[in-house]
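Following: one structure in C-alpha cells, then a few remarks.
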Amino acid sequence: MSISPEILARQLARETHARQQAESLLEQKSLELFHQARQREQALAELRESEERYRLIVELSPDAILIAVDEEIVFANSAARLLFNETTANGLLGKNLLELTTEQDRSKAVQELQRVASGGRCIETEELAMRLDGSTFSVSVQRVALTYQGKHAAQMVARDISARKQLEHQLAHQASHDILTGVPNRQRLTDILEQALRYADRYATPVWVGFIDLDRFKFINDHYGHHVGDHVLRTVTERVRSVLRNGDTIGRFGGDEFVLLLHGAQHEQLNAAIVERIMDAINLPIVFDGHHLRITCSLGLATYPDDGENSQSLIEHADVAMYRAKESGRHLCQFYTAQMNQQFVERNQLESTLYTVLDRNELQLHYQPIVNLHSGHIVGVEALLRWDHPELGRIPPDRFIPIAEECGMITKIGAWVLQQACMQCAQWNAAGLGPLRVSVNLSVRQLDSPDLVANIATALKQTGLPPSLLEIELTETLMMTDIDRALHLLQTLRKMGVRVAVDDFGTGYSSFAYLKRLLLDSLKIDQSFIRGLENDHENQAIVRTMIQLAHNLKLHVIAEGVETDFQLAFLKQWGCDEFQGYLLSQPQHSDGTGALLSKHQSSLLIT
Ligand code: C2E
Ligand code: CA
Ligand code: CA
C-alpha cells in the first residue's frame with residue numbers, strides 16, 4: 001500500500017517540529033549549564049580568594065596561632081614559630097600540641113581542649129609555656145574548636161606576657177620586701193612566720209623568733225648621716241643572711257629592728273653557735289666613707305610553741321626579751337621568760353610616767369661622801385639620782401636611766417641634775433663645809449646633746465660654784481666608744497676649768513695612749529675590783545697596778561664601793577688617793593649628807 005504524499009508531508013512536518021523543539025531545548029539546557037559552570041568557577045575563585053585572605057591574616061597575625069588535629073600540630077604561623085623559637089617552617093609541625101605546655105600546666109591545657117571541643121565558650125587563660133628546648137615563658141592562651149580540612153581540630157592562640165608577669169612580680173616583691181635591704185618586710189615576715197607555725201604544728205618541730213635591735217644606731221644616723229646609716233643596715237642584713245642556714249629568714253621589721261625566723265628539728269634546742277654566728281657577723285667592723293664603725297646588737301628570742309601561740313605574740317615576746325638584753329648592757333642575747341612580760345609592762349609604765357617626772361618633783365639627788373685617804377677629810381660628794389615613783393616606790397637609777405636615755409628624757413633630767421648638784425654643793429661650800437667638790441655622772445645620750453656644755457656653764461654660773469669644784473664622771477666604755485667626741489668634750493671642759501673622772505675603770509677597754517690623750521683628772525676604780533679584795537689575790541694585784549698606772553699618768557685615783565676596813569687599809573697602803581663606799585656612808589639625801597659633813601668637818605675620818 002502506498003502512502004499518500006499528503007500524509008508523508010504532514011509526518012515530515014511533525015518530525016521537523018519535534019527536532020526543532022528538541023534542538024531549542026538542548027540549546028537552552030546547554031546555556032543553563034554554561035551559566036552554572038561560570039557561577040561555580042566564580043564561586044571557586046571567590047573561595048580561593050577568601051581562603052588566601054584568611055591564610056594571610058592568620059600568617060601575619062602578631063599572635064601565635066597553632067592548629068592541631070588529634071593534638072598533632074598541623075599548622076603554625078610565623079608568630080608561633082618566633083614565639084617558640086623554631087626557625088624552620090616545619091619545626092613545629094607534627095609535634096604534639098601539649099609538648100608546648102609545661103608539666104605544671106599540662107592537665108589544665110588538656111581540660112581546656114576538652115571543654116572547647118564539647119562546645120564550651122572560648123576563654124583566655126594564663127600559663128607557663130615551654131619551648132622545645134625546655135625553656136619556659138608566660139603566655140596568655142585562647143583555645144577554640146574548629147574544622148580544619150574537614151577534620152575536627154583545635155586552634156590555640158598564644159601571646160607572650162613575660163614582660164607583664166615580670167613587672168607584676170617586681171611590684172609584688174616591692175610590696176612585700178624592704179626596699180633598702182631587699183629582705184621581707186613586716187607584712188611578709190608575718191606571713192612566712194604563720195606558714196612556719198603551720199609546718200611546726202604538723203611536724204612537731206620548734207621555731208625560734210629572734211628580735212634584733214642594733215645598739216646605738218640612732219647615734220650613727222645622727223652623727224655620720226643617713227647614707228652611712230643606710231650602708232650599715234644593708235651590710236648588717238647581708239652579713240646575717242650569709243650566716244643563716246637554708247630555710248631560715250631575716251626580715252626588716254622597721255628602723256634598725258630585724259626579725260629572725262629559725263627552724264629546728266624535732267626536740268632540737270637552739271644551737272648557741274647559730275646565735276653567736278649572727279651576733280659576730282653584725283659585730284664585724286664596717287668601713288665606709290672614711291668611717292670605721294663597729295656595730296653591736298641586742299637579740300631577744302622566743303620559742304614556738306612555748307613562748308607564744310601565734311606570730312604576733314611570738315614577735316612581741318622576742319621584742320620583750322630584746323629589751324631585757326639591751327637593759328642588761330647591750331651586745332647580748334636573751335631568751336624570753338614569762339616573768340619578763342611583767343617587767344616589760346612595768347618598764348612601759350616607767351617610760352610613760354618618766355616624761356613628766358620633773359614636773360611632779362619625783363626625782364631627788366642623794367649624795368655619797370668621798371674621803372681623801374692622805375688627809376682623812378671629806379673632799380667631795382658624788383650626786384646619785386633617785387626616783388620616788390608614786391606607785392612603784394623607789395626606782396634605782398640603773399633601772400630608769402637606760403629608759404630615760406632611750407626616750408630622750410635624759411637630756412632634761414641631766415640638766416636638772418647638774419643644776420641641783422651644783423646648787424647644793426655651792427650651799428655647803430658657802431656654809432663653810434668645804435672646800436668640797438661634787439661629782440656628777442653623765443650618760444651616753446647627754447654626751448650626744450649639743451646643749452651639754454651650755455648646761456654645765458649655766459649651772460656653774462647660776463649657782464656660783466667654782467668650776468674646779470665640779471667633777472664630771474664619764475664611764476670608761478662611754479669614752480672609748482666615741483673617742484673623738486670624748487676628746488673634744490674633755491678639751492672644752494678643761495678650758496672651762498671643770499674636772500673629769502673616768503668612772504667604772506677596768507670594765508671597758510681603755511688604751512693607755514688614749515687615757516693619756518684624754519686630759520683626765522681622776523680615775524675611779526670600779527667597785528667590782530674592790531669587792532673581793534680580801535681573798536682575791538688577782539684583784540689585789542689589779543688594784544695595785546691600777547693605782548700605779550693612774551699615778552704614772554698623773555691621775556688622781558678614787559676607789560669606790562669600799563665596804564670593809566681591810567679594803568680601806570689595803571687602798572691606803574698602796575697609795576690610793578680617795579675612797580667612797582658604805583664603810584663611811586651610803587648615799588643619802590642632802591639633809592643627811594649635810595649633817596655628816598658638819599659632823600666630820602673638823603674630825604678626821606681616817607688616820
Ligand atoms: P656609779 O656612778 O658607779 O655609782 C656608784 C654606785 O655604787 C651607786 O649606785 C652607789 O650607791 C653604789 N655604791 C656606793 N658605795 C657602795 C658600796 O660600798 N657598796 C655597794 N655595793 N655599792 C655602793 P646607784 O646610786 O644605784 O647608782 C647606780 C648607777 O646609776 C651609777 O653608778 C651611775 O652610773 C648611774 N647614775 C646615778 N645617778 C646618775 C645621774 O645623775 N646621771 C647618770 N647619767 N647616771 C647616774
Ligand atoms: Ca659614778
Ligand atoms: Ca662607778
Side-chain angles (χ1 to χ4, degrees), residues 327-329 354 357-358 362-371 378 380-388 394-425 437-449 452 455-456 459 470-479 489 499-508 520-534 557-568 571 578-590 592-593 596:
E327 278 175 359
S328 323
L354 198 53
V357 74
L358 287 169
E362 286 166 11
L363 289 183
Q364 39 169 310
L365 281 184
H366 278 199
Y367 298 90
Q368 185 176 43
I370 301 172
V371 177
I378 296 178
V381 287
E382 178 173 3
L384 294 156
L385 255 179
R386 301 288 178 262
W387 179 9
D388 287 319
R394 175 156 293 178
I395 318 283
D398 290 337
R399 282 248 326 270
F400 72 86
I401 284 177
I403 305 175
E405 282 181 357
E406 244 168 66
C407 70
M409 267 305 282
I410 194 66
T411 329
K412 272 193 183 166
I413 293 177
W416 179 86
V417 170
L418 271 165
Q419 181 73 27
Q420 205 64 20
C422 290
M423 189 171 69
Q424 184 58 67
C425 188
R437 66 163 205 266
V438 66
S439 302
V440 172
N441 294 284
L442 284 197
S443 79
V444 197
R445 281 293 287 275
Q446 275 173 285
L447 207 65
D448 297 345
S449 156
L452 177 64
N455 286 342
I456 295 175
L470 172 64
E471 184 157 86
I472 295 294
E473 294 193 1
L474 294 168
T475 65
E476 187 186 13
T477 328
L478 191 153
M479 286 195 198
L489 175 71
R499 294 169 61 93
V500 180
V502 50
D503 202 358
D504 300 348
F505 185 74
T507 56
L520 298 162
D521 296 280
S522 327
L523 183 152
K524 292 186 88 169
I525 301 175
D526 189 67
Q527 43 184 288
S528 58
F529 298 101
I530 308 295
R531 201 169 296 142
L533 222 44
E534 273 83 354
V557 202
I558 307 163
E560 55 179 8
V562 178
E563 294 183 351
T564 67
D565 290 325
F566 177 91
Q567 292 163 357
L568 183 65
L571 292 164
E578 296 177 0
F579 88 95
Q580 61 184 103
Y582 294 171
L583 181 65
L584 173 64
S585 165
Q586 294 221 354
Q588 51 181 324
H589 50 75
S590 52
T593 312
L596 190 79

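Counting convention: from 1, in listed order, for ligands and their atoms alike.
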Residue-ligand contact [X]/ligand 1, heavy atom below 4.0 Å:
| X | value |
| --- | --- |
| K524 | no |
| Q580 | no |
| R386 | yes |

With atoms numbered from 1 as shown, which atoms in ligand 1 lie under 4.0 angstrom from a non-hydrogen atom of [X]?
| X | result |
| --- | --- |
| E563 | 17 (C), 18 (O), 19 (N), 20 (C), 21 (N) |
| E560 | 3 (O) |
| P587 | 11 (O) |
| Q368 | 14 (C), 15 (N) |
| E382 | 2 (O), 4 (O) |
| P397 | 24 (P), 25 (O), 26 (O), 27 (O), 28 (C), 30 (O), 36 (N), 37 (C) |

Give a yes or no on whether S439 keeps an N, O or S atom under 3.0 Å from the Ca ion (ligand 2).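 Checking the Ca ion (ligand 2) against S439, no N, O or S atom falls under 3.0 Å.
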Under a 4.0 Å heavy-atom limit, does [X] contact ligand 1 with its side chain, its backbone, both, or neither?
| X | result |
| --- | --- |
| Q586 | neither |
| P396 | neither |
| I401 | side chain |
| L442 | backbone |
| D526 | neither |
| Q527 | side chain |

Nearest to the Ca ion (ligand 2) - the N/O/S atom of [X], by atom name:
| X | result |
| --- | --- |
| E382 | OE2 |
| D503 | OD2 |
| E473 | OE1 |

Spacing of W387 atom CH2 and L363 atom CG [to the nearest 0.5 Å]: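 That separation rounds to 7.5 Å.
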What is the distance from atom CD of Q580 to atom OG of S439, rounded to the nearest 0.5 Å?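 If I round to the nearest 0.5 Å, the distance is 7.0 Å.
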CA sep, side-chain torsions, deciding dist, call: E382, K524, salt bridge (charged side-chain N to carboxylate O under 4.0 Å, His left out): CA-CA 12 Å; E382 178 173 3; K524 292 186 88 169; 2.9 Å; yes
Please tell me whether T411 and Q446 have a donor and an acceptor in their side chains that are separated by less than 3.5 angstrom.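 Result is no, nothing qualifies.
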Scan side-chain atoms only and decide if Q368 and S585 contain a donor-acceptor pair under the 3.5 Å cut-off.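 No, no side-chain donor-acceptor contact under 3.5 Å.
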Looking at non-hydrogen atoms alone, which of L584, T564, L384, N441 comes nearest to atom 42 (N) of ligand 1?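 It is N441 whose heavy atom sits nearest to atom 42 (N) of ligand 1.
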Can you figure out which of V417, D398, L365 has its heavy atom closest to atom 30 (O) of ligand 1?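 Comparing heavy atoms across V417, D398, L365, the nearest one to atom 30 (O) of ligand 1 lies in D398.
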Is the shortest side-chain heavy-atom distance between [X] and [Y] below 4.5 Å?
| X | Y | answer |
| --- | --- | --- |
| Y367 | P587 | no |
| L418 | I472 | yes |
| D504 | E476 | no |

Looking only at non-hydrogen atoms, find the nearest pair between L489 and L474 and report the distance.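 Minimum heavy-atom separation between L489 and L474: CD2-CD1, 4.4 Å.
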If you apply the rule salt bridge (charged side-chain N to carboxylate O under 4.0 Å, His left out), what do you find for R386 with E362, and how did you get there? CA-CA 8 Å; R386 301 288 178 262; E362 286 166 11; over 6 Å; no
What verdict does the side-chain contact (heavy atoms from CB on, under 4.5 Å) test give for M479 and V500, after you've listed the backbone C-alpha separation in whole Å, the side-chain angles of each residue and the deciding distance to 0.1 Å? CA-CA 11 Å; M479 286 195 198; V500 180; 4.2 Å; yes
Derivation and outcome, side-chain contact (heavy atoms from CB on, under 4.5 Å), residues D565 and L583: CA-CA 8 Å; D565 290 325; L583 181 65; 3.7 Å; yes
Consider every N or O of Y582 and every N or O of ligand 1, then say whether any pair is closer than 3.5 Å.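 Between Y582 and ligand 1 (N or O atoms, distance only) the closest approach is under 3.5 Å.
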Return yes if some donor-acceptor pair links the side-chain N/O of T593 with the main-chain N/O of Q588 below 3.5 Å, else return no.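 Yes, because the side chain of T593 sits within donor-acceptor range (under 3.5 Å) of the backbone of Q588.
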